[in-house]
Amino acid sequence: MGGGPIQDGIMPAIDLTAINKSLLSMSQSILRSGLLLAMFGTLSSLQAVSYYTRANGDYNDPNAWSTIACGNAAAGSVPTPADDVTICPGHTITLGADITVNNYAATGGTLNANTFNIYVNGSWDNSITSTFNKGTSTVNFTATTAGNTVFTGGDTFYKVYFNGVGGSWTLTDNLGTTFCYLYNGTLDSSTYDISSSTFQMTGGVLNNGASGTVWTSGGDLNQSGGTINANGKTFRALYSAIFNGTFNAGTSTVELAGTVTGGSNSYDFTVGANTFNHVTLSGAETSANTDTYSLSGPLNLLGNLTINNNKLNTANHPVTVAGNLSVGDGTNTNFGSAALLAGTSTVSIGGNINQNITDGQIDLSSATLVLNGASGNQILQPPLSVNNLTLADTGARTITFPAAAVTTVAGTFTANATLNGVALQSSVSGSQTTITVNGAIGLLDNLTIQDHKINGIAWSTALNPANSLDVGNNAGWFSRSISVADVSIAENGTTAVVTLAFTGTAADNISINYSTSDGTALAGTDYTATSGTLSWSTGGSGNQTFSIPVTDDAVLESAETVNITITVASGSVTLTDPTAILTITDVTIVSRRTLDTDANGKIDQIEMTQSSAEAQSCTGLTVSVVGYSVTGYSSCSETDTVFLIHLAENSNTCSAANQTGCDTGNTPAVQLTASSFSLSEGAASNAADAAKPIYLGMQTELNSPFVTLLYSEPIVASDGTLTAGGEIVYNNATAKGASGVSSVSATGNQIDVNLNQSLTLYDVQGDSLSCTDLKDIHGNPVDPETLPLETDISGVVQADTATVKENYLDYRISQSTEIAFNLSKSGTVTIRILDMRGREVSVLKKNHYSAGTHFLPWNPGNIHPGVYYVHVESNAWKKPSVTKMMLVR
């Protein structure tokens with residue numbers, strides 16, 4: 001038992017590891033002899049042993065294996081079907097017979113399979129640094145448990161079988177093989193590709209992720225059983241594509257690729273009972289490529305049918321496409337063409353139809369085309385030739401045919417009995433397209449036809465109920481049609497002439513009734529009610545007219561309307577436009593505008609202009625203008641188209657002190673009424689502002705760089721941007737003080753100018769602002785102006801005193817200065833210099849001065865530096881003016 005003899009009644013220690021190894025060696029020997037399988041029947045109850053390569057060699061060489069990690073002592077045996085196998089880095093194992101493993105892994109070594117089969121009960125893990133030389137071997141995945149994985153590491157298989165009942169495998173990278181078979185179990189391709197010359201499925205489940213491709217490059221895609229959950233995968237077959245199992249399409253595409261070498265080949269497209277999403281024929285672009293796929297049953301698509309190359313033969317099976325049908329892509333201009341060969345099938349299209357005229361062919365010459373779009377528009381391009389054309393009743397929509405083209409219907413043109421809200425139109429508005437029907441036609445409900453001419457239709461018998469065809473704007477395009485057009489006439493005319501336009505030649509006697517009814521015009525007041533009948537005999541053609549008398553009156557009013565209606569009394573003819581409008585126009589006021597004729601900033605006139613002169617009197621005219629007192633009117637004569645409304649100004653003041661009275665920017669509502677004279681039925685209308693704004697005044701302040709300009713209404717720059725040195729320019733004639741404008745801004749009727757230096761008393765002679773390129777908010781220009789700065793200290797000087805500017809003299813730089821003072825009124829003035837104690841230092845001047853600003857030079861001589869005061873007094877003032885001055889030496 002691996003221990004020593006019993007001593008002193010104590011059991012020796014038992015070596016369990018040695019026992020387990022011995023038992024394991026025995027079980028493996030028994031297994032190889034087949035006795036253990038006979039005893040237990042399966043391997044499921046045995047614990048898998050992990051075998052690692054320790055050297056290069058044959059798979060059945062015991063010296064090539066170890067049960068401990070790579071490179072250790074020999075195992076003395078080879079792996080059994082229940083064991084896991086790992087080929088270690090740098091080792092090469094070669095098969096000399098078929099093998100069975102539990103899990104297979106390669107972490108850097110090489111397995112040469114030759115021609116022998118490999119049976120894998122679990123997962124396959126072939127590292128990207130490992131090599132699997134497939135030879136012509138077959139790898140059989142036979143797991144009966146879930147959770148197995150297949151990692152190819154980029155190496156390909158020759159043949160691979162998935163045939164484990166209850167087993168499941170998940171691809172962790174792309175699977176490439178010459179032959180791929182899925183018999184039992186579940187294969188999940190996740191987001192990876194399965195590429196195989198032949199893919200065959202007789203059972204099991206294939207789950208695909210949201211991307212990737214299942215494709216064949218040299219064989220068939222054959223599903224004879226099992227379930228494919230396609231999701232977003234593309235299923236691509238080079239040859240035949242057979243789907244006789246369950247195919248859950250999801251958002252997938254089935255692509256029929258055709259041969260890559262060309263030739264005339266026929267392939268089977270078996271659809272079973274499945275519904276597909278998209279189907280695409282991609283083909284091979286070669287001059288000899290005439291490959292054709294033939295349907296084995298009805299084809300139902302949730303998405304699009306796209307045929308870029310090769311041909312799809314419906315083999316007379318119905319085809320239903322919920323999306324678009326596209327045939328030809330314009331790339332095969334010098335060789336084979338793509339085609340849909342419909343035979344006698346019924347082809348139902350829910351989306352658009354596009355046949356590329358350079359390499360596409362849609363053959364519906366013996367087929368029935370059903371346009372069954374559930375909603376939205378359907379576009380047919382280019383024109384088609386079909387046996388039967390049916391407009392299915394699936395919802396309101398517009399069906400667009402190619403402009404200036406002919407769509408030919410050899411058999412019947414049918415609209416279902418409950419059709420409603422469907423319109424036929426040309427792809428170019430106003431451009432005619434034609435539907436030629438050589439067989440029967442049944443239009444059994446309302447149908448709108450725009451820009452179409454339908455030949456081969458007997459209109460008198462084809463429609464049920466009669467006149468249910470609404471032909472929109474197709475006047476003159478039908479074989480026999482009559483329309484009435486709108487007409488307009490001035491009120492002072494005599495009669496309005498209405499024309500019935502006839503297209504074609506009458507096949508029998510035709511009679512058309514016409515009548516008028518009130519719109520906004522009143523019969524007996526504005527026009528004379530009219531009715532009657534116009535007729536065309538068999539073989540007749542050409543237009544006919546009737547007249548509606550119009551009544552002139554002295555009322556200036558808006559345009560009025562009369563309704564005109566025509567109906568078919570007898571004969572075979574279509575009314576393409578059975579109603580019209582007669583518009584009676586009158587002299588109208590075409591413009592109103594305000595005027596400021598005396599340029600004082602206040603509106604004094606409103607000018608009214610008529611569309612033309614009206615023979616009428618203005619006697620008794622009442623004028624009301626919102627916000628104004630109207631004093632009268634003038635120039636309203638029989639020959640003049642202009643008259644003026646005079647407005648009182650006495651309640652509207654406009655000055656710098658009162659801006660609210662400035663009203664040249666207003667657009668008042670004007671209303672004129674009278675017993676024999678009316679404007680717009682008495683409704684008030686706004687008058688446009690045409691009065692120029694005016695300059696009102698200026699505000700300035702001593703020792704401030706700001707100047708404010710006031711206008712009679714809000715002001716803006718003509719070019720939209722008010723700039724310094726542009727619209728507002730500062731001019732200084734004496735070259736003293738400020739030299740330019742730093743910034744300009746406008747707020748309402750006020751323009752604020754910021755000079756580049758504060759205003760001083762030295763700055764009052766010859767300064768001005770030039771204002772150009774200004775306008776009001778209604779676009780009226782402001783006259784260019786030069787605005788003098790009258791005084792920089794306006795509003796600062798009191799009623800009976802003087803104002804002296806504070807001064808500063810640096811004697812080191814200059815030995816004299818000027819004392820500037822401003823007098824509110826004339827008188828005898830004494831000017832003294834006082835020290836800080838109020839003692840008189842000197843008397844500068846005693847003289848008579850006029851009101852205004854004066855300058856007095858002063859040389860301090862030997863006076864000590866310090867703070868001094870300029871004392872200005874007069875017998876005309878109540879108190880003197882005292883201002884501080886500093887002297888520096």
Side-chain angles (χ1 to χ4, degrees), residues 249 251 253-256 275-283 299-312 314 318-332 337-342 345-365 367-409 413-416 419 421-429 431-435 447-452:
T251 59
T253 297
V254 173
E255 181 180 355
L256 308 178
T275 296
F276 296 87
N277 185 36
H278 302 306
V279 169
T280 298
L281 273 68
S282 58
L299 178 62
N300 296 300
L301 301 184
L302 301 174
N304 303 323
L305 174 57
T306 303
I307 307 175
N308 290 332
N309 297 292
N310 291 332
K311 298 174 174 60
L312 178 63
T314 67
V319 175
T320 301
V321 180
N324 301 323
L325 168 63
S326 300
V327 179
D329 60 2
T331 59
N332 290 338
S337 62
L340 172 65
L341 307 175
S345 302
T346 296
V347 179
S348 300
I349 305 298
N352 301 327
I353 299 178
N354 180 40
Q355 172 185 312
N356 193 295
I357 60 176
T358 62
D359 65 347
Q361 175 191 0
I362 300 177
D363 185 358
L364 300 171
S365 58
T368 296
L369 174 62
V370 179
L371 300 177
N372 64 348
S375 62
N377 297 339
Q378 289 186 270
I379 301 174
L380 280 63
Q381 185 72 28
L384 301 171
S385 294
V386 303
N387 184 31
N388 302 313
L389 177 60
T390 299
L391 308 181
D393 182 25
T394 56
R397 64 194 187 280
T398 298
I399 302 174
T400 302
F401 291 80
V406 178
T407 297
T408 302
V409 181
F413 177 32
T414 304
N416 288 349
L419 184 72
V422 173
L424 308 182
Q425 71 174 18
S426 170
S427 60
V428 178
S429 178
S431 176
Q432 177 179 327
T433 187
T434 301
I435 302 175
L447 178 65
T448 300
I449 302 180
Q450 300 285 336
D451 303 332
H452 271 61

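We use all heavy atoms of the structure for the numbers below, so side chains are in, but hydrogens, waters and symmetry mates are not.
Summarising the geometry, atom OG1 belonging to Thr253 is positioned 8.5 Å from atom CG belonging to Asn304; distances are rounded to the nearest 0.5 Å. Note that CG of Asn372 is 11.0 Å distant from OG1 of Thr346, once rounded to the nearest 0.5 Å. With rounding to the nearest 0.5 angstrom, the CD1 atom of Ile379 is 11.5 Å from the CD1 atom of Ile399. Here the CZ-CD1 distance, from Phe401 to Ile353, works out to 9.0 Å after rounding to the nearest 0.5 Å. Here the CG-CG distance, from Asn277 to Asn300, works out to 12.5 Å after rounding to the nearest 0.5 Å. Rounding to the nearest 0.5 Å gives a distance of 11.0 Å between NE2 of His278 and CG of Leu305.
Closest of all the heavy-atom pairs between Ser427 and Ala403 is OG-N, 3.0 Å. Heavy atoms only, all atoms of each residue included: Gln355 and Pro382 are closest at O-CD, 2.7 Å. Shown here for Leu299 and Leu312, the closest heavy-atom pair between the two residues is CD2-CD2, 4.3 Å. Closest approach of Gln425 to Thr400, counting heavy atoms only: NE2-OG1, 3.1 Å.
Residues Ser348 and Thr320 form a side-chain contact, since some pair of their non-hydrogen atoms from C-beta on lies under 4.5 Å apart. Proximity of Pro383 to Thr407: side-chain heavy atoms (C-beta onward) are separated by under 4.5 Å at one or more points. Residues Leu302 and Thr275 are in side-chain contact: their nearest non-hydrogen atoms beyond the backbone lie under 4.5 Å apart.
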Margin query: Using the rule given for side chain to side chain contact (heavy atoms under 4.5 Å, CB included), can you reason through Leu391 versus Leu424, listing the C-alpha separation, both sets of side-chain angles and the distance that settles it, and then say yes or no?
Written below: CA-CA 10 Å; Leu391 308 181; Leu424 308 182; 4.1 Å; yes
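Side-chain N/O atoms of Thr358 and Asn356 include a donor and acceptor closer than 3.5 Å.
Remark: the backbone N or O of Ser365 is paired with a side-chain donor or acceptor of Asp363 at under 3.5 angstrom. Put simply, the side chain of Gln378 gets close to the backbone of Gly351: a donor and an acceptor are under 3.5 Å apart. Formation of a donor-acceptor pair under 3.5 Å by the Thr314 side chain with backbone atoms of Ala342 is found in this model. Side-chain atoms of Asp359 do not come within 3.5 Å of backbone N or O of Gly328 as any donor-acceptor pair.
No option in Leu301, Thr306, Leu340 other than Leu340 meets the side chain to side chain contact (heavy atoms under 4.5 Å, CB included) test with Leu325. Leu369 pairs with exactly one of Thr390, Asn387, Ile349, Ile362 by the side chain to side chain contact (heavy atoms under 4.5 Å, CB included) rule, that one being Ile349.
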